[in-house]
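One structure, pasted below without further comment.
Order of the sequence lines fixes the chain letters, A, B, ..., with proteins taken first and strands second; residue numbering starts at 1 for each chain.
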Amino acid sequence: MSTEAAAETPAFRYTAELAGRIEKRWQQYWEDNGTFHAPNPVGPLSTGEPVPADKLFVQDMFPYPSGAGLHVGHPLGFIGTDVFARYHRMNGRNVLHTMGFDAFGLPAEQYAVQTGQHPRKTTEDNMATYLRQIRRLGLGHDERRRISTIDVEYYKWTQWIFLQIFNSWYDADAGKARPIAELEAQFADGSRPTPDGRPWAGLTSAEQRKVLNEYRLAYLSEAPVNWCPGLGTVLANEEVTADGRSERGNFPVFRRNLRQWMMRITAYSDRLIDDLDRLDWPEKVKAMQRNWIGRSNGARVRFPVGDQEIEVFTTRPDTLFGATYVVLAPEHALVDVIATAEQAADIAAYRRAASLKSELDRQENKEKTGVFTGAHATNPATGERIPVYIADYVLMGYGTGAIMAVPGQDQRDWDFATAYDLPVIRTVQPSEGFDGEAFTGDGPAINSGFLDGMGVTEAKSTMIAWLEEKGFGQGTVQYKLRDWLFSRQRYWGEPFPIVYDEDGTPIPLPEEMLPVELPEVDDYSPRTFEPEDANSEPSPPLSRATDWTEVELDLGEGRKKYRRDFNTMPNWAGSCWYQLRYVDPTESDRFVNAENEQYWLGPRTAEHGAGDPGGVDLYIGGVEHAVLHLLYSRFWQKVLFDLGQVSGDEPYRKLFNQGYIQAYAFQDARETYVPADEVVEENGKFFFNGEEVKREYGKMGKSLKNVVTPDEMCENYGADTFRMYEMSMGPMDVSRPWATKDVVGAQRFLQRLWRNLVDENTGELRVVEDAAPEESLRLLHKTIAGVHDDFVNLRYNTAGAKLIELNNHVTKAYSATGTPRVLAEAMVLMLAPLGPHVAEELWAKLGHDRSLAHGPFPKADEKYLVEDSVEYPIQVNGKVRARITVPAAAGQDEVKAAALAEEKIAELVAGGTPRKVIVVPGRLVNIVL
RNA sequence: GCCCCCGUAGCCCAACCGGCAGAGGCAGCGGACUCAAAAUCCGUCCAGUGUCAGUUCGACUCUGACCGGGGGCACCA
């Protein structure tokens with residue numbers, strides 16, 4: 001661009017450069033005036049004045065401040081929440097919207113390992129970059145409420161919540177968590193017997209501790225865990241992929257017995273499932289949680305084996321008469337007890353082979369294998385002796401680790417029975433023409449004694465009643481959900497507020513000893529191993545900080561030596577409760593002040609109905625957290641609720657999953673990615689430097705050479721244009737491809753709107769005080785009504801389209817004369833949630849000396865929404881043949897008469913009588929001949 | 001293999017409870033301005049809704065089957 005050409009651009013045209021100046025100025029104004037400060041009812045963030053009853057808490061999923069910075073996909077949700085927040089703020093609600101950082105985590109630690117730079121330094125640098133980038137977008141955050149999980153003041157309370165959980169047990173009778181002291185009281189007064197029957201007072205304090213530890217919601221377990229040598233840490237089930245690898249880094253994961261912290265999330269299985277019904281969440285996410293918790297109803301049945309018993313779990317107790325053998329998981333404890341000597345060698349070999357198989361092998365190879373134990377069990381229904389096998393298609397970790405095999409009704413059992421030549425007895429009559437193997441459908445029971453003729457449902461309940469009466473078993477509910485593995489062998493996480501005495505008994509630190517700060521160390525890395533080295537032992541970095549791990553404390557027994565916990569909490573801990581801290585980030589006596597918590601997060605039955613669980617009013621984020629974060633967070637909230645610490649039992653009332661912005665990437669002949677912005681399209685083919693390249697569609701990423709950053713968009717178009725474009729690409733929940741060339745459409749719109757209000761050459765206002773004609777007012781009020789509806793329902797794309805439509809009308813009607821003020825002001829206000837900076841600028845130019853952030857927002861006037869006449873299309877046999885205009889007040893008969901009187905229609909009907917005439921009021925007329 | 005979501009113009013997307021397929025944007029085309037080009041402005045072309053059936057006076061919308069794309073689960077008894 002030559003300097004001459006630049007000089008021709010009118011001085012007051014809304015260019016990227018002018019937009020940039022306006023944006024910086026308003027960002028400064030908002031900051032200086034605390035425009036987005038949301039007052040709390042009480043405490044340091046209250047103004048002393050009463051707060052409006054009408055509040056709104058909008059939250060984005062906690063970002064992790066990665067070193068790569070943002071690409072244009074990241075802010076989609078952030079802008080979405082901002083538009084929503086701004087719209088509601090303008091409509092008079094007290095809106096809490098802020099953003100902090102989920103700042104503990106692996107990348108900073110890995111970077112620290114490579115460079116020796118402290119993870120805190122890396123993380124803080126990244127946060128600074130991140131804040132600069134989001135500030136440039138004009139997000140209306142209450143900056144006083146920014147928090148970061150690595151702040152000592154924050155993780156002090158994360159540790160405090162851990163102690164709350166540790167100091168609780170789940171009272172199944174009451175259906176809720178209670179303080180462990182209440183359990184201790186029950187033991188002490190004898191209302192609950194101790195495990196071995198001795199009086200409580202007769203136990204040593206170490207023994208008492210051991211007993212209580214069995215009940216705690218946070219407990220140490222020696223159970224098999226997911227050990228990932230490649231990462232040097234253990235992982236939660238949720239962090240392991242279906243093919244037995246780590247979600248992060250894709251390393252193999254092995255089952256190992258290790259002493260680790262667990263959270264008793266399984267105690268909440270039913271509530272976590274049932275309360276989903278009270279949440280305004282996408283069905284998809286609810287389904288994923290239900291599936292993950294995996295509740296199934298069935299029965300436990302005991303099969304006698306000599307003087308022993310094998311207990312199995314089945315969802316099909318109705319098929320008991322068809323159980324022709326029993327299978328134990330290879331690891332099952334009874335195997336050694338019941339197996340005969342002759343089989344011992346085969347069993348040992350099979351078990352060895354099974355233990356060497358990775359999860360992946362087990363899944364890939366679905367051929368059924370197993371070994372006979374030599375033992376026989378008795379089928380309690382038939383009294384028959386049936387063989388007992390071990391086989392690795394039965395998993396130790398689910399149910400009782402043992403099954404009754406009913407090959408007639410279960411395909412897996414059928415496969416095994418076929419391979420080992422075991423008998424098959426059908427107990428459900430297959431449907432007519434069934435030619436499959438196992439029949440899993442419904443049908444009348446056969447070969448089943450007293451069940452014969454019953455359908456599956458009736459047979460199930462009848463069998464359960466019979467089992468319970470005879471003492472062979474009982475109905476039960478089984479879950480897939482397991483307890484949450486809660487420790488990691490990492491440096492960059494929250495230390496546990498726990499020390500161990502000389503016996504290795506965990507002892508909680510008292511509240512006044514919090515926070516337990518992370519020590520400085522020389523080496524941030526856990527020892528990692530060959531990814532395949534299943535026998536390696538975790539060696540956390542904190543174990544080497546000996547002057548920290550070994551402490552002398554007075555915990556009520558005088559000064560004694562204790563050892564700290566070497567582990568840190570998983571990344572999820574900090575994000576389990578951050579909505580509570582956003583509410584009261586500066587409260588120092590409590591994790592959140594109760595009154596503030598109730599105001600922002602408490603249930604509001606008047607507004608949301610009787611079952612309202614409370615929680616954040618709108619929570620936006622990606623669907624990738626459907627099971628991990630969202631399940632953990634709900635669990636913590638419920639524990640805190642049970643303990644009376646918070647007023648609502650769900651953290652997020654309404655959840656919305658935004659779609660992803662995706663992008664095209666291009667590979668040349670050597671499958672190397674080439675810079676996407678230098679690829680040109682010709683006749684549907686793509687070329688880079690004249691060479692044809694292959695196009696693929698997917699993520700945006702550095703290695704794919706297709707990253708577009710919000711910074712360059714703001715630089716080239718301005719933040720308002722960028723926001724406008726992102727919001728108009730489609731509905732919030734749909735993924736779509738990024739197209740930089742389309743951004744100019746949003747820019748043109750803002751430019752036109754600006755030009756309708758401001759003289760591009762002089763900068764003077766081009767607004768007239770004349771009244772607007774009725775036609776314009778009708779369109780205006782229709783737009784206002786539509787835009788309200790769109791903003792409330794997160795349909796920003798259609799809200800934007802309506803504003804463009806109105807602006808196009810204004811351009812056409814008033815570009816010669818100047819825009820009537822009533823139109824100009826309404827347009828600016830309606831634009832404000834989407835393009836806040838330019839709207840503020842225009843609002844000020846229109847003579848207002850206060851920011852429009854708190855309104856007003858235009859209200860639609862009903863009288864312009866009702867039309868006095870309506871145009872009806874007239875269909876004949878479903879095809880539009882003519883149009884008539886009738887008064888809006890016309891009744892159906894009048895419309896019908898007018899339609900039949902219409903010239904073309906009269907011709908088509910031609911004297912005959914229509915079979916039927918359908919008049920849809922306000923819509924159309926259809927004449928059926 | 002099972003479950004869920006989505007297929008509308010060259011592209012991104014509208015169409016509310018079954019009622020005129022098009023609101024908006026990009027690209028294209030024509031024009032205005034310009035010595036010319038860019039920018040800007042004005043105008044305009046373009047699909048019958050993935051396919052096949054069904055229900056209906058009427059289907060993008062409801063039902064069934066199939067095709068294509070995306071996601072979740074996957075030896076959970």
* **Heavy-atom pair with the smallest gap, counting every atom of A:Gly701 and A:Asn706** => N-OD1, 3.0 Å

* Regarding A:Thr819 and A:Asn756, is there a side-chain donor-to-acceptor distance under 3.5 Å anywhere? -> no

* Heavy atoms under 4.0 Å is the rule here; annotate nucleotides 25-32 of chain B 5' to 3' with B where the base is hit, S where only the sugar-phosphate is, and - elsewhere. => BSS-----

* B:G31: syn or anti, per glycosidic angle within 90° of 0 -> anti

* To do: For A:Val917, answer base if it contacts any base atom (sugar-phosphate contacts may also be present), sugar-phosphate if it contacts only those atoms, and nothing otherwise; contact means non-hydrogen atoms under 4.0 Å.
  =>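 Touches nothing.
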
* When the distance from NZ of A:Lys480 to C1' of B:A77 is rounded to whole Å, what number comes out? ->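 Taking atom C1' of B:A77 as the reference, NZ of A:Lys480 is at 12 Å.
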
* Asked: Roughly how many Å is it from CG in A:Asn297 to P in B:A77, rounded to a whole number?
  ->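 Value for this atom pair: 11 Å.
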
* Any A:Asn797 side-chain nitrogen or oxygen under 4.0 Å from OP1 or OP2 of B:A14 ->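 So the side chain of A:Asn797 is within the cut-off, an N or O lying under 4.0 Å from OP1 or OP2 of B:A14.
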
* Considering residues at least two apart in sequence or located in another chain, which fulfil the salt bridge (Lys or Arg N to Asp or Glu O under 4.0 Å) criterion with A:Lys286? -> A:Glu283

* Whole Å only: how far is the CE atom of A:Met288 from the P atom of B:C3? -> 17 Å

* Hey, are A:Lys368 and A:Asp413 close enough for a salt bridge, meaning a charged N less than 4.0 Å from a carboxylate O? ->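 Salt bridge between A:Lys368 and A:Asp413, a charged N being under 4.0 Å from a carboxylate O: no.
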
* To do: In whole angstrom, give the distance that lies between atom CD of A:Glu624 and atom P of B:C5.
  =>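 Rounded to the whole Å, the gap is 20 Å.
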
* Structure fact -> Between CZ of A:Arg795 and C1' of B:C16 the distance, given in whole Å, is 7 Å

* For B:G48 and B:A9, measure between their P atoms and round to the nearest Å. => 9 Å

* Would you say a side-chain N or O of A:Lys812 is under 4.0 Å from OP1 or OP2 of B:G43? ->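 A:Lys812 to B:G43 OP1/OP2: side-chain N or O found under 4.0 Å.
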
* To do: Consider only side-chain N and O atoms of A:Gln409 and A:Thr427, and report whether a donor and an acceptor are under 3.5 Å apart.
  => yes

* To do: Find which nucleotide of RNA chain B each of A:Thr315 and A:Pro737 is nearest to by heavy atoms, and output the residue with the more 5' nucleotide.
  =>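 With A:Thr315 and A:Pro737 compared, the 5'-side residue is A:Pro737.
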
* Any strand is fair game: report the nucleotide pairing with B:G30 by Watson-Crick or G-U wobble, both distances under 3.5 Å, or none. => B:C42

* B:A39 versus B:U34 - spacing of their C1' atoms, nearest Å -> 11 Å

* Which whole number of Å gives the distance between the C1' atom of B:C12 and that of B:C6? -> 15 Å

* To do: Describe the nucleic acid contact of A:Ser815 in one word from base, sugar-phosphate, nothing, applying a heavy-atom distance below 4.0 Å.
  =>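 Answer is nothing: A:Ser815 stays at 4.0 Å or more from every strand.
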
* **Distance (rounded to the nearest 0.5 Å) between A:Leu806 CG and A:Leu780 CG** =>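 Answer for the CG-CG pair, A:Leu806 versus A:Leu780, is 6.0 Å.
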
* **Residue pair A:Phe416, A:Tyr389: steps toward the ring-ring contact (aromatic ring centres under 6.0 Å, His included) verdict** => CA-CA 10 Å; A:Phe416 189 85; A:Tyr389 281 76; 5.4 Å; yes

* What is the glycosidic conformation of B:C17: syn, defined as within 90° of 0, or anti? ->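 It is syn.
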
* State which residue, out of A:Val744, A:Leu750, A:Val743, fulfils the side chain to side chain contact (heavy atoms under 4.5 Å, CB included) condition with A:Gln747. => A:Val744

* **For RNA chain B, the residues among residues 783-793 of chain A that have a non-hydrogen atom under 4.0 Å from it** =>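 Within residues 783-793 of chain A, no residue comes under 4.0 Å of RNA chain B.
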
Which atoms of nucleotides 54-64 of chain B (N or O only) lie under 3.5 Å from a protein N or O atom, and what are those distances?
| unit_1 | atom_1 | unit_2 | atom_2 | d |
| --- | --- | --- | --- | --- |
| B:C57 | O2 | A:Asn926 | ND2 | 2.4 |

* On the 0 to 90° scale, with breaks at 30° and 60°, tag the A:Trp738-A:Phe722 ring pair as parallel, tilted or perpendicular. => tilted

* Asked: Can you list the residues that meet the salt bridge (Lys or Arg N to Asp or Glu O under 4.0 Å) rule with A:Lys896, with sequence neighbours excluded?
  -> none

* Rounded interatomic separation in angstrom, taking CG from A:Asp410 and P from B:C2 ->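 For the pair A:Asp410 CG and B:C2 P, the rounded distance is 16 Å.
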
* **A:Tyr664-A:Phe686 aromatic ring centre distance below 6.0 Å** =>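 No, too far apart.
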
* To do: Let me know the distance between CD1 of A:Ile874 and C1' of B:C20, rounded to the nearest Å.
  =>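 Taking atom C1' of B:C20 as the reference, CD1 of A:Ile874 is at 12 Å.
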
* Asked: What is the base-pairing partner of B:U8, counting Watson-Crick and G-U wobble geometry with both distances under 3.5 Å?
  ->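 The base-pairing partner of B:U8, which may sit in any strand shown, does not exist here.
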
* With rounding to whole Å, what would you report as the distance between B:G70 and B:C26 at their C1' atoms? ->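 Looking at atom C1' only, B:G70 and B:C26 are 24 Å apart.
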
* **Base-pairing assignment for B:C57 (Watson-Crick or G-U wobble, both under 3.5 Å)** =>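 When the pairing criteria are applied, B:G19 turns out to be the nucleotide that pairs with B:C57.
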
* Spatial distance of atom CE (A:Met61) from atom NE2 (A:His629) [nearest 0.5 Å] ->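 Answer for the CE-NE2 pair, A:Met61 versus A:His629, is 5.0 Å.
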
* Over how many whole Å does the gap from A:Tyr697 atom OH to B:C6 atom P extend? -> 16 Å

* All salt bridge (Lys or Arg N to Asp or Glu O under 4.0 Å) counterparts of A:Asp720, not counting sequence neighbours ->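 For A:Asp720 there are no salt bridge (Lys or Arg N to Asp or Glu O under 4.0 Å) partners, ignoring immediate neighbours.
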
* Write down the partner of B:G1 under the Watson-Crick or G-U wobble criteria, each distance required to be under 3.5 Å. =>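 Check on B:G1: paired to B:C73, both distances under 3.5 Å.
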
